[in-house]
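Just so you know, these numbers use all the heavy atoms, side chains as well, and skip hydrogens, waters and symmetry mates.
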Amino acid sequence: MERDVFEADHRAFREVVRDFVTREMAPHMERWEKAGIADREIFAAAAKVGLVGFNVPEEFGGGGVDDFRFNAIVAEELAASDVHGPGFTLHNDVVAPYLLKMANDEQKARWLPPFASGEEIWAIAMTEPGTGSDLKGIATTAVRDGDDWIINGAKTFISNGINSDRVIVVAKTDPAGGSKAFTLFVVERGMDGFTRGRNLDKMGLHAQDTAELNFDNVRVPAANLLGEEGRGFYQLMTNLPEERMSIAVSAVAASRSILDQTIEYAKTRTAFGQPIGSFQNSRFLLAELDTEVDIAQVFVDRCLRALSAKELTHVEAAKAKWWTTELQQRVVDRCVQLHGGYGYMNEYPVAKAFVNARIQTIYGGTTEIMKEIVGRALGV
């Protein structure tokens, strides 16, 4: 199906992204997966060709492009190639909006140039060992001490956790709790008491460093408070739709890629003297999956237009996130089945796609939380 959401500039950018992913990233995937982490230098290399920091204003060294369709192209090309080591989408889609919308002039001047150049890698730390989707249960604390804040607590499942130079940390600043209890702080590599635990051993996405972070009386200057004190929860709610759209975009692109590969496999793999795709069960299944992926793409593209126009609602983002990621689970599962025993072999892309896809319905807000958001909007 022809997509009309992209224009000439977007299509040209896609060629740049695809070439970089193929030439500079894909050849290193096996090594990155074995190491459990990608090379830091890939961020700077990506920034030079515009894959990182393109949404940062030109005055700070970025591309000055405020159009989420460019974000979507990076996400789609990475997902279609199943190249996942460096957290480019985390950098561009998740962290950048916090800095662009909430940092003051001094902070932008300090943080955005190395962010845009790929010299510094960022992460965001919300999840804790005892708190996942329920952000109001965050226990990490920040207590004012003169011109500083003292942070104590622990975070887990933090993407870019090992490579990151700066981390946006969500901490409780009001012991009374409630929606005004949280504030965002930027914690920097090398601050006393800030340590990293394990690079976690995950089911999939082995090239993406995912870490535990610990904060033991970490003294953070007040100049590193991001946004307004007590507005952390609202700031998270404001930016989460972009993260969820990034995940939805990746889900559809990954689904389409592995489905297309499976269709080709079904045309060449034979059983009982004929291609497996020629059996009615296989044809019907492929027809169902192809239709569902096309329908998902149409909705995601509609959401992309809305997001680029600053009109996307948190409910629409929740719908896109849960539906597309659940669809991705069905697609990769059925594609493994159509591959038979070969689908269980890691040398086949479908096997890797199967385990890499499993996190999609969990991070960025679980399917259950997404349905809760949609349900509440219905007044039930």
Side-chain angles (χ1 to χ4, degrees), residues 9-100 108 110-124 158-168 188-190 196 199 205-211 246 249-250 253-254 257 349 352 356:
D9 287 349
H10 302 110
R11 290 189 286 271
F13 181 64
R14 186 181 295 279
E15 293 304 315
V16 173
V17 176
R18 185 172 295 172
D19 177 70
F20 185 86
V21 170
T22 301
R23 181 170 41 85
E24 301 292 342
M25 299 178 71
H28 301 291
M29 276 303 300
E30 184 176 356
R31 176 172 60 84
W32 289 347
E33 288 184 327
K34 289 180 179 178
I37 192 170
D39 300 332
R40 286 183 51 88
E41 294 74 19
I42 196 66
F43 277 83
K48 287 181 180 178
V49 296
L51 271 68
V52 168
F54 53 82
N55 48 355
V56 171
E58 293 181 359
E59 63 184 293
F60 300 113
V65 179
D66 183 16
D67 181 348
F68 196 83
R69 288 175 292 180
F70 287 96
N71 300 61
I73 288 168
V74 174
E76 287 180 349
E77 291 303 315
L78 291 172
S81 303
D82 204 12
V83 172
H84 59 266
F88 291 166
T89 55
L90 172 64
H91 208 69
N92 295 326
D93 308 351
V94 182
V95 173
Y98 287 91
L99 302 184
L100 296 173
K108 288 179 180 178
R110 181 157 45 108
W111 293 333
L112 287 179
F115 176 94
S117 69
E119 177 188 343
E120 292 184 352
I121 300 171
W122 285 64
I124 184 165
I158 307 306
S159 299
N160 281 359
I162 300 296
N163 265 335
S164 56
D165 299 287
R166 301 182 194 267
V167 183
I168 298 173
E188 303 172 1
R189 180 186 294 277
R196 303 162 204 260
N199 187 359
L205 300 181
H206 293 141
Q208 170 69 67
D209 58 307
T210 307
S246 179
V249 165
S250 297
S257 177
K352 191 176 294 183
N356 287 346

Colleague: Let me confirm one number: the CD-CZ distance from E76 to R69, rounded to the nearest 0.5 Å.
Modeller: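 E76 atom CD to R69 atom CZ measures 12.0 Å (nearest 0.5 Å).
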Colleague: State the OG1-CG distance between T89 and L51, to the nearest 0.5 angstrom.
Modeller: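 So the OG1 of T89 and the CG of L51 are separated by 11.5 Å.
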Colleague: Show the numbers, then the answer: is there a side-chain contact (heavy atoms from CB on, under 4.5 Å) between V95 and F115?
Modeller: CA-CA 10 Å; V95 173; F115 176 94; 3.8 Å; yes
Colleague: Are any of the side-chain heavy atoms of D39 and R31 separated by less than 4.5 Å?
Modeller: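 Yes - at least one pair of side-chain heavy atoms lies under 4.5 Å apart.
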Colleague: Name all residues meeting the side-chain hydrogen bond (donor to acceptor under 3.5 Å, both in side chains) criterion together with N160; count only those two or more places apart in sequence or in a different chain, and write none if there are none.
Modeller: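 Testing N160 for side-chain hydrogen bond (donor to acceptor under 3.5 Å, both in side chains), a comparison that skips the adjacent residues, returns Q208.
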Colleague: In Å, rounded to the nearest 0.5 Å, how long is the span from CZ of R166 to CZ of R110?
Modeller: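 Reported to 0.5 Å precision, the distance equals 6.5 Å.
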Colleague: Using side chain to side chain contact (heavy atoms under 4.5 Å, CB included) as the criterion, list what pairs up with A207, not counting sequence neighbours.
Modeller: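 Only M29, W32, E33, H84 meet the side chain to side chain contact (heavy atoms under 4.5 Å, CB included) criterion with A207.
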Colleague: One pair to check against side-chain contact (heavy atoms from CB on, under 4.5 Å): F70 and D9. What are the steps and the verdict?
Modeller: CA-CA 9 Å; F70 287 96; D9 287 349; 4.2 Å; yes
Colleague: Kindly indicate whether the side chain of D93, heavy atoms from C-beta on, has any atom under 4.5 Å from the side chain of F88.
Modeller: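 Counting from C-beta outward, D93 and F88 never come under 4.5 Å.
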Colleague: If you look at every heavy atom in V249 and A75, which pair is closest and at what distance?
Modeller: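 Smallest interatomic distance, heavy atoms only, reads CG1-CB, 4.0 Å.
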Colleague: Look at the side chain of S250 and the backbone N and O of S246, then say whether any donor-acceptor pair between them is shorter than 3.5 Å.
Modeller: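 Yes, S250 side chain to S246 backbone: donor-acceptor pair under 3.5 Å.
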Colleague: Where do N163 and R40 come nearest, in terms of heavy atoms and distance?
Modeller: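 It is O-NH1, 2.6 Å.
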Colleague: Are any non-hydrogen side-chain atoms of F20 and I42 less than 4.5 angstrom apart?
Modeller: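 With C-beta onward as the side chain, the pair touches.
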Colleague: Could you report the tightest heavy-atom contact between I121 and F43, atom names first, then the distance?
Modeller: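 So the minimum-distance heavy-atom pair works out to CD1-CD1, 3.4 Å.
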Colleague: Could you walk me through whether E77 and E15 satisfy the side-chain contact (heavy atoms from CB on, under 4.5 Å) test, starting with their C-alpha distance in whole Å, then the side-chain angles of each, then the deciding distance to 0.1 Å, before giving a yes or no?
Modeller: CA-CA 10 Å; E77 291 303 315; E15 293 304 315; over 6 Å; no
Colleague: Strictly by side chain to side chain donor-acceptor pair (under 3.5 Å), give each pair with a member in residues 54-64 just once, sequence neighbours left out.
Modeller: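 Every candidate side chain to side chain donor-acceptor pair (under 3.5 Å) pair involving residues 54-64 fails, so no pair, neighbours aside, qualifies.
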Colleague: What is the minimum heavy-atom distance between F13 and G50, and which atoms define it?
Modeller: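 Nearest heavy atoms, F13 then G50: CE1-O, 3.5 Å.
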Colleague: Any side-chain donor paired with an acceptor under 3.5 Å for N199 and D209?
Modeller: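 No, D209 and N199 have no side-chain donor paired with an acceptor closer than 3.5 Å.
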Colleague: Using a 3.5 Å distance criterion without hydrogens, assess whether the side chain of K108 forms a donor-acceptor pair with backbone atoms of L100.
Modeller: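 Yes; at least one donor-acceptor contact below 3.5 Å.
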Colleague: Side chains of R189 and E120: closer than 4.5 Å at any heavy-atom pair?
Modeller: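 Not touching, per the 4.5 Å side-chain cut-off.
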Colleague: Working note: E188 + D165, criterion side-chain contact (heavy atoms from CB on, under 4.5 Å); need CA distance, chi angles, decisive distance, verdict.
Modeller: CA-CA 6 Å; E188 303 172 1; D165 299 287; over 6 Å; no
Colleague: Could you report the tightest heavy-atom contact between A47 and S117, atom names first, then the distance?
Modeller: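 It is CB-O, 3.2 Å.
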Colleague: For atom CG of D66, is the number of surrounding heavy atoms from other residues, nucleotides or ligands below 6.0 Å larger than 12?
Modeller: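 Not more than 12 within 6.0 Å, no.
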Colleague: Atom NE2 in H91, atom CG in L99: separation rounded to 0.5 Å?
Modeller: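 Reported value, rounded in 0.5 Å steps: 8.5 Å.
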Colleague: Quick check: do W122 and W111 have side-chain heavy atoms less than 4.5 Å from each other?
Modeller: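 SC-SC contact between W122 and W111 confirmed.
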Colleague: Could you pull out the closest heavy-atom pair between A38 and G85, with the gap in Å?
Modeller: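 Closest heavy-atom pair between A38 and G85: CB-C, 4.0 Å.
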Colleague: Within the 4.5 Å heavy-atom criterion, are L78 and M25 side-chain neighbours or not?
Modeller: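 With C-beta onward as the side chain, the pair touches.
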Colleague: Looking only at side-chain N and O atoms, does R18 offer a donor or acceptor that is under 3.5 Å from a partner on S81?
Modeller: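 No, because no side-chain N or O of S81 sits under 3.5 Å from a partner of the opposite role on R18.
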Colleague: Tell me, do H10 and D67 make a side-chain contact under 4.5 Å, heavy atoms counted?
Modeller: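 They are in side-chain contact.
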